[in-house]
Every structure is written in C-alpha cells, then in structure tokens.
2 protein chains.
Amino acid sequence: MHPSDNETSIRQASLEDLVTGPVDGLILEERLGYALRRAQLKVFKHFDEAMREHNIRPAQFSSLVVIEGYPGVTQSSLAQTLAIDPPRVVNLVNSLEERGLAMRVRCKRDRRSHGIFLTKQGEALVDKLKELSSQSDLAATQALSEIERRQLLMLLRKIYAPAHGEG
Amino acid sequence: MHPSDNETSIRQASLEDLVTGPVDGLILEERLGYALRRAQLKVFKHFDEAMREHNIRPAQFSSLVVIEGYPGVTQSSLAQTLAIDPPRVVNLVNSLEERGLAMRVRCKRDRRSHGIFLTKQGEALVDKLKELSSQSDLAATQALSEIERRQLLMLLRKIYAPAHGEG
DNA sequence: GTCAGTTAGTTATAAACTCCAACCATTTTT
DNA sequence: AAAAATGGTTGGAGTTTATAACTAACTGAC
C-alpha cells in the first residue's frame, strides 16, 4: 500500500441513523444514460439466460444475424454495422469459425478482403437463436404492450440512427 | 499457439464480389438488446465528452446524485440502488473520497455501516454535473421531441422497474 | 516498373469492468 | 457464549474494450 492511500479514512463522527434500505433514484431516474443502462442490464440478463444453452454471446448473435442477412459481408463492413472495432471482429469471426458456424472466403478481386458466410450449421443455429432472442425480448419486457414495444424500438433507433429511425 | 488454433483457416474459394459497405441491421434492428446497446453507446459517448473536463465516470456521477438525494446512504444501499455489487461500491466511494467529493461516516448504532455524505466540494460539483448531464442527454437525443424523450424514459423505467415505471 | 499512400485484416498489449471467493469486524440469534 | 447473518473490504480471475503497431494487398502518380 502506498502512503498516499487513505486506508479507510473514516471520520469518527456521531451518526444515529442512516438510510439503509434500497432507494429510488429520484433525479437519477430522469437521466437517460442511467435508464438505458438499467433497461439494457435486464434485457441482456434475459438474453444471456436464453443463449446459455448454446453458449452464444450478444456480439456473436448480432454477427450471425448480419452474416445471414448479407452473405459475403466483409469484416470491415461488419465492424461498421455493429459499431465495434476491427480487432474485435477478428476475435468474433475466429470464434464463429472455430465452432463451425461461419467461414471466411478470400475475395478474388481484392485478396485483402474476406467474405464471411454461414455454414449449414450456422444457418440452422441462427434460425433457432432468432426465435430464442424474440422470446427473451418478450420476457424481459413483459411490462410493455406490443404497441409500447414498437414505440420503444422506434425511439431507440431515432437516437442512434436519426436518419432512418422513423421508418 | 496451440495446434488446435486454425491459423487463418481461409478457404481459397473463388469469390468475385462481396458486400463491402456498411449495412443496415435488418432483422437485427428489431432486437431490443441491440437497439438498447446502440442507443446507450451514443448517449454514453456524449456523456463521456461532457464529463471529460471533470474526469467523472458514469458510475461516479450516479453515486454522487444518489448521495446528494439521500445523505447518509449506506454502501450496501447504494449497491442495491445502482444495481452494482459491494466490491465496486468500495472502489467507487474510495475514488470519491480521494477526490474530496464525499466522505464515509461511521454509524453509531451499527458500527459496521458507513453513511456516505457529500463534502461542500461534492455538493458544488454535483450541481454542475447535473446540468452538464442534462445538456448531454439533450444533445444525444436531438432527434427526439420533448414528448418522445419523456415517453422513452417511461418505457425504459417500465422495463427495469415494472412496479414504478408508470408513475 | 516503382514509389508513396491507403485499406483489410491481424497481433499484442494494456486498461477497465465484472464477478467470485474469501476475509474481518460487528451485530443478531439461539 | 456459540452460531449465524450482515456491512464492508481485499484480492484475483476472467471478460471486454481500446490502442498501437504490424503485415499483406491494392491504388495511383510518376
């Protein structure tokens, strides 16, 4: 321990009672970042549970869905689409390849690029995963009506992709 | 490297063209988890920028706001309120103490507990931070009307706190 | 051609966050 | 008093996430 560390620098002040239970966030709940984080925490928890059996992480699932929608997508394109950086894509695609769910194919025209495709196995799995994911989303948002759910998605899209959020 | 690692196991298949640009997520954008993550990413980016000058992390900000709203809150209560675990609260409060923004006070009744209070400095700072945070939220959600913003908050609260979300 | 500059992908590394298990001090229960 | 429970703390392992540096391949200007 460094001397600069204040090893439990507790003032020995007198205090009769203090707030001991859980507490609602008050002004905090008006903060968008906080609300987003809390909601995401819950949704992701459900997602993890739903995917546990298949040992799939959120980013892996997202990748599989994009690859399915755009067979031959490049890694850089995947990075832009998912808003993650290139090094992460490498790991992501590696993990998918190792599990036999996807494969890289070198592009003839530009031999730097790899097109990514799903294997038969990958195709089969992603279909199942999409179903599980939908169920998980529903379970995590039981408190919402179908209309509210759609509304929420639209509002979120408006935030991160203002141009296309309204569609 | 292990022999089991497939060092760039690229099939030398022939491929003329492939999807190279960024791509819209298609079915992916219907996934709640994805939309939440993307929106949070953007909101947090704005938040980080707004707080850079004061070198404040999201969790630190949240803590300050809760402590301000509930002076004398205990660490366990803070943990429950922010949905983080006790060890993280220790680090969090340490960092706030080291910077002179908050202080622990041992409770007379139960000497295991620490009430946490803001210092004068902390009080002054949190007021400024709340203002910055509000501005940052607005900037990150320029695409939303005030009504939509309120709607979004309500929907998010409904997800993570179904009982109180409607209020 | 060849040189500089750019892009796709990769590697390595470090920083940060999260989670877990163990631990001390204190309080409560029996 | 002994046992169990609680508030807080410490340390470490396992993941993420970001950064920098690097190779390979392509492009365009000369």
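So that the names make sense, note that chain A is the first sequence line, chain B the second, and so on, each numbered from 1. Below, each value reflects all heavy atoms present in this structure, side chains not excepted, and no hydrogens, waters or symmetry copies.
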Subject >> Residues forming a salt bridge (Lys or Arg N to Asp or Glu O under 4.0 Å) with Arg112(A), sequence neighbours excluded >> reply: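 Result, salt bridge (Lys or Arg N to Asp or Glu O under 4.0 Å) vs Arg112(A): Asp110(A).
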**OP:** State which residues pass salt bridge (Lys or Arg N to Asp or Glu O under 4.0 Å) with Arg149(B); sequence neighbours excluded, sorted by chain then number.
**Re:**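 Testing Arg149(B) for salt bridge (Lys or Arg N to Asp or Glu O under 4.0 Å), a comparison that skips the adjacent residues, returns Glu146(B).
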Atom-pair distance ([atom1] on [X]; [atom2] on [N]), nearest Å:
X: Leu92(B); N: dC17(C); atom1: CG; atom2: C1'; value: 12 Å
X: Asn94(B); N: dG8(D); atom1: CG; atom2: P; value: 12 Å
X: Phe44(B); N: dC17(C); atom1: CZ; atom2: C1'; value: 13 Å
X: Leu78(A); N: dA8(C); atom1: CG; atom2: P; value: 13 Å
X: Leu41(A); N: dC17(C); atom1: CG; atom2: P; value: 15 Å
X: Gln75(B); N: dT6(D); atom1: CD; atom2: P; value: 17 Å
X: Leu82(A); N: dT16(D); atom1: CG; atom2: P; value: 15 Å
X: Ile84(B); N: dG8(D); atom1: CD1; atom2: C1'; value: 14 Å

**OP:** Consider the side chain of Val90(A), meaning its heavy atoms from C-beta on, and name the nucleotide among dG9(C), dT17(D), dT9(D) that approaches it most closely.
**Re:**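 Among the listed nucleotides, the one closest to the side chain of Val90(A) is dG9(C).
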**OP:** Among the candidates dT10(D), dG8(D), dT19(D), find the nucleotide nearest to the side-chain atoms of Asp85(A).
**Re:**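 Nearest to the side-chain atoms of Asp85(A), counting from C-beta on, is dT19(D).
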Original post:
Toward the 5' end of DNA chain C, which comes first, Asn91(B) or Pro87(A), by nearest nucleotide?
Top reply: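 Its nearest nucleotide lies further toward 5', so the answer is Pro87(A).
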**OP:** Assign each of Arg88(B) and Val93(A) to its nearest nucleotide of DNA chain C by heavy atoms, then name whichever residue's nucleotide is nearer the 5' end.
**Re:**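 With Arg88(B) and Val93(A) compared, the 5'-side residue is Val93(A).
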Original post:
Going by heavy atoms closer than 4.0 Å, what residues in residues 56-64 of chain A are next to DNA chain D?
Top reply: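 Close to the strand are Arg57(A).
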Subject >> Side chains of Arg99(B) and Gln121(B), donor plus acceptor under 3.5 Å >> reply: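 No.
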Original post:
Residues in side-chain contact (heavy atoms from CB on, under 4.5 Å) with Glu131(A), at least two apart?
Top reply: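 With sequence neighbours excluded, Glu131(A) shows a side-chain contact (heavy atoms from CB on, under 4.5 Å) to Gln135(A), given in chain and number order.
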Subject >> Reference residue Tyr34(A); test side-chain hydrogen bond (donor to acceptor under 3.5 Å, both in side chains); the match among Arg31(A), Glu30(A), Arg38(A), Arg37(A) >> reply: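 Of the listed options, the one satisfying the test is Arg38(A).
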Solution key, residues 46-58 of chain B side-chain donor-acceptor pairs under 3.5 Å, sequence neighbours excluded:
none

**OP:** State, yes or no, whether a side-chain contact exists between Tyr160(A) and Gln40(B) at a heavy-atom distance under 4.5 Å.
**Re:**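 SC-SC contact between Tyr160(A) and Gln40(B) ruled out.
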Original post:
In Å and rounded to the nearest 0.5 Å, what is the CD to CG distance from Glu97(B) to Leu92(B)?
Top reply: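 Output value for this atom pair is 12.0 Å.
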Original post:
Any sub-3.5 Å donor-acceptor pair from Ser133(A)'s side-chain atoms to Leu129(A)'s backbone N or O?
Top reply: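 No; judged by distance alone, with no hydrogens or angles, the pair does not exist.
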**OP:** Take nucleotides 23-30 of chain C nucleotide by nucleotide from the 5' end and write B, S or -, depending on whether a protein heavy atom sits under 4.0 Å from the base, only from the sugar-phosphate, or from neither.
**Re:** --BBS---
Original post:
Quick one: is dT7(C) close enough that its OP1 or OP2 comes under 4.0 Å of any side-chain N or O from Ser76(A)?
Top reply: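 No, no such contact exists.
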